[in-house]
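Before any comments, here is the structure.
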Amino acid sequence: MAQSKVRSYIGFCIKARKITLGANAIGTLSSGVYLLILDKNAAKNSLRFALKYKRKFDCPLILCNEKLEDVVCKKECKLAAIRDRNLADAILNGGDTNYELYTEGGE
């Protein structure tokens, strides 16, 4: 089975070390986040953190319909921050149906 473009772009972020994994690690960043990715099955607390960081960094938030921990190869990972503008744009425009833009009011 062929890997999706978005998964490939996330892989590029991992190789380039332009991704931060986990809510606590993202909380230590002061700027430079261009996209947040949240596991769709994450707990409400993770969603709260994601929305907090979305406002802090003024960046889009997308929901991952597949297990994010499988995509980023880190156990129990529910939230990731992309720190490269070009890769963030590529992920947003990837057209993968497993990733959808979060719109406020969906709690």
Would you please classify the geometry between the Phe57 ring and the Tyr53 ring as parallel, tilted or perpendicular, with 30° and 60° separating the classes?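 Rings of Tyr53 and Phe57: tilted, 30 to 60°.
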Least distance between heavy atoms, [X] atom then [Y] atom:
X     : Y     : answer
Ala25 : Thr20 : CB-CG2, 3.6 Å
Ala42 : Lys78 : CB-CB, 4.0 Å
Lys54 : Leu36 : N-CD1, 3.4 Å
Val33 : Cys59 : O-CB, 3.8 Å
Ala88 : Tyr34 : CB-CB, 3.7 Å
Glu76 : Glu69 : N-OE1, 2.9 Å

Just so I know, are the side chains of [X] and [Y] near enough to count as touching, which here means a heavy-atom distance under 4.5 Å?
X     : Y     : answer
Ile62 : Leu38 : no
Lys18 : Ile82 : no
Ile91 : Lys5  : no
Ser46 : Leu79 : no
Tyr99 : Ile10 : yes

Path from [X] to [Y] over hydrophobic side-chain contacts below 4.5 Å:
X     : Y     : result
Leu29 : Phe49 : yes
Phe12 : Leu68 : yes
Leu92 : Val6  : yes
Leu51 : Leu35 : no

Rounded to the nearest 0.5 Å, what's the gap from [atom1] on [X] to [atom2] on [Y]? Could you check?
X      : Y     : atom1 : atom2 : answer
Leu101 : Leu63 : CG    : CG    : 8.5 Å
Cys64  : Ile37 : SG    : CD1   : 7.0 Å
Arg17  : Ile14 : CZ    : CD1   : 12.0 Å
Lys40  : Lys67 : NZ    : NZ    : 16.0 Å
Asn65  : Asn41 : CG    : CG    : 8.5 Å
Tyr9   : Asn93 : OH    : CG    : 9.0 Å

Who pairs with Asp96 by side-chain hydrogen bond (donor to acceptor under 3.5 Å, both in side chains), at least two apart in sequence or on another chain?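 If we apply the side-chain hydrogen bond (donor to acceptor under 3.5 Å, both in side chains) test to Asp96, skipping adjacent residues, the hits are Ser4.
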Can you sort out the partners of Asn45 under side-chain hydrogen bond (donor to acceptor under 3.5 Å, both in side chains), two or more places apart, ordered by chain and number?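 Checked Asn45 against side-chain hydrogen bond (donor to acceptor under 3.5 Å, both in side chains); matches are Arg48.
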Could you check whether Glu66 pairs with Arg7 (Lys NZ or Arg NE/NH1/NH2 to Asp/Glu carboxylate O, under 4.0 Å)?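 Salt bridge flag = yes for Arg7 with Glu66.
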